[in-house]
Amino acid sequence: MSDSRRLPVPVPARVSEGAANEVRDMESYRAHYEAARDPAYWLEQAKQRIVWRSAPSVACRGDFSSVGEAPIHWFEDGQLNVTESCLDRHLDARGEQTAIIWEADEIGEGRSLSYRELHAEVARAANALAALGVKRGDTVIIYMGMVPEAAIAMLACARLGAVHSVVFGGFSAHALRDRIVDCRARVVISQDEGRRGGRSIPLKAVCDEALEGLEQVESLLVFRRTGAEVAWREGRDHDWASALAAQPDTHEAVAVGAEDPLFILYTSGSTGRPKGLMHSCGGYLSWVAYTHANTFDLREGDVFGCVADVGWITGHSYIVYGPLCNGTTTVMFESVPTYPDAGRYWDLVARHGITIFYTAPTAIRALAAHGDAPVRAHDLSSLRVLGTVGEPINPDAWWWYFEVVGQGRCTIVDTWWQTETGGHCITPFAAATPNKPGSASFPVPGIQLELRDEKGARLEGATQGHLCITHPWPGMARTVWGDHARYVDTYFSTHPGRYFTGDGCRRDEDGYLFITGRVDDVLNVAGHRLGTAEFEAVLVSDDAVSEAAVVGYPHEVKGQGVCAYLVLQAEAEASPALLDKLQAELRAEIGALAKADRFLVIPGLPKTRSGKVMRRILRKIAEGEFEAIGDVSTLADPGVVDAIKAIASES
Ligand code: WT7
């Protein structure tokens, strides 16, 4: 190991010098961490960072022991419209500044929108939605690709006090329909086609399929991205451009309460169907504005390049709401990291002068596999901060990002958070925190953590356990849409009185936190979150399949691969055609992201005498750790384990 790899890795001087936010060094980090134990700290932050019609006077109401009776409230007497923080207030000082840089799939075909232009477009879109009958409290589904119109649609909903729910464009018609039904949307916004890596994605056609026979949806607003010929249902379908052109470019924002819902975002859990996490206006916006500024040590003139998709929470918080609230120039990237070649990200950075770049470990690993040349071919001197999100980053990938992409001149922020948390919860602070590769380092002010063992005992010092949060923070999701009992049961029942993240975490002797991955049955494939239960439901619905169990296993690039164990019906045959059919069913029911990397057809699942599937054993076998399986004597049929091992080692 070279000298430059001594731990912890200090923050390069050019990053720590001139720090521009609250957390500027470890001393100020500690001071803010202590101060933020008091909810009054957040009342101050909320008042400073966002624009209120009527400023709040109370910080937080509720705690985790009573969350079953009453959801947590922050700033509840405040009135605001989040778009006034994201748009209107910037018009005087930065009306001509670029708000969104749109990087289209084909290099050179993108465009930029200034804050003034974005403000006008959002007003037109809000007027157009209002003309379709959308009003405060209504839900609107957005099923789009990475075009500025997706952000405009989100902000237009917010402008009206309506609640958006963005569905990632990779989800199938079936998955889309479920979400439309669950949130009772009457209006859907989509586009003719998406573009990704030189290919077209038939978004409108998927919408048509999802809406088939679904009378609940009265209007489908369609943005024409490619101009492709698409089916049109008169009366229901409306053309985005003509709808907006008919409207004035001003719109009086609807003031709502701080606790009014801003959006719903569906995510997978360990059981049942995806649940719609609800985020509120005042608390969420304060949290994303604070973390966006402090984590990255945001500075005037920064160009912020988060290459996630707006269909995920990362896109909501760190492409749209955080950056626009902070008056930043933000990037929307329509393409993929390897199109037209493995230098696409670095070309993007160089052409737009990106100063903060934020991506997922899967992309870093995939690009590192292409070697250093595609990176070296571009001038990356504009970069100051590199972020990662979505899954643990292995030290090899971390060092490649640090040394090759950052050339040792940038700091890395490995940000741990979840759809549920709204924004960063454990992360290095760019200006302050010396890094240990693979560690998300320390909690954000306001995040009080506890590591607990499976029985609920609090663990101290250097240890490993379940990661829990003990006190409410402004950015947390308030409920599961339409099912508060499920929210309480999912997050507050394993460790009563605590928010249980579902993640395992190791703490070293210096207090650095290393996320070890999910301890529940949630998969994280290439940074995409999928529930094993959803896979299994699709697989067992096939006539040939009697039982199915899906587990994750370590995958070199994707972080986790998906291994599906199948027990077939007596008369069914384990043919390649059957496996292809099952793969197609996963695609149709969930989406292209739900792919099984391995199918193992086995004679029976390992079960206890009471019938519980021993997933631990299946995980070990999928990992190839045959020796670590341990005691199988409690199984109803211990012999099945040897049979599964034999099949796994042959495949
Ligand atoms: C799960 C949340 C946060 C936005 C994208 C994913 C994993 C997230 C990290 C990280 C290790 C991470 C966790 C978490 N995760 N960030 N920096 N290090 N693991 O959001 O789909 O809600 O998934 O992603 O397992 O629970 P999500």
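For ligands, and for the atoms within them, numbers begin at 1 and follow the listed sequence.
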Closest to atom 1 (C) of ligand 1 (judged by heavy-atom distance), picking from R518, H316, H424:
R518

Can you find a heavy atom in the side chain of R486 that is under 4.5 Å from one in the side chain of K275?
yes

If we number the atoms of ligand 1 from 1 as shown, the ones under 4.0 Å from a heavy atom of V389 are 3 (C), 4 (C), 5 (C)

Quick one: nearest non-hydrogen protein atom to atom 16 (N) of ligand 1, plus distance?
G390 N, 3.1 Å

Spatial distance of atom SG (C425) from atom CG (D503) [nearest 0.5 Å]
11.0 Å

Give the contacting part of E391 toward ligand 1: side chain, backbone, both or neither, where contact means a heavy-atom distance below 4.0 Å.
backbone

Has T479 got a side-chain atom pairing as donor or acceptor with W481's backbone, closer than 3.5 angstrom?
no

I want to know if ligand 1 touches D414 in the polar sense, i.e. an N/O pair below 3.5 angstrom.
yes

Does W312 come within less than 4.0 angstrom of ligand 1, counting non-hydrogen atoms of the residue?
no

Is it true that, when you exclude R273 itself, more than 12 heavy atoms of the residues, nucleotides or ligands shown sit nearer than 6.0 Å to its CZ?
no

Closest non-hydrogen protein atom to atom 4 (C) of ligand 1, residue and atom name please, with distance?
T314 OG1, 3.2 Å

If you have a sec, work out which protein heavy atom is nearest atom 3 (C) of ligand 1 and how many Å separate them, to one decimal?
W417 O, 3.1 Å

Nearest to atom 25 (O) of ligand 1, what protein heavy atom do you find, and at what distance?
D503 OD1, 2.8 Å

T388 N/O under 3.5 Å from ligand 1 N/O:
no

Suppose we measure from atom 11 (C) of ligand 1 to each protein heavy atom; which comes out shortest, and what is that distance?
P392 N, 3.1 Å

Please verify whether a non-hydrogen atom of A440 lies at under 4.0 Å from ligand 1.
no

Examine Y321 together with W287 and report whether their ring centres are nearer than 6.0 Å.
no

Okay, side chain of R507, backbone of T463: is any donor-acceptor separation there less than 3.5 Å?
no

So does Y143 get a backbone contact from the side chain of S190, meaning a donor-acceptor N/O pair under 3.5 Å?
yes

If you define the side chain from C-beta out and look only at heavy atoms, does anything of L265 sit under 4.5 Å from W312?
no

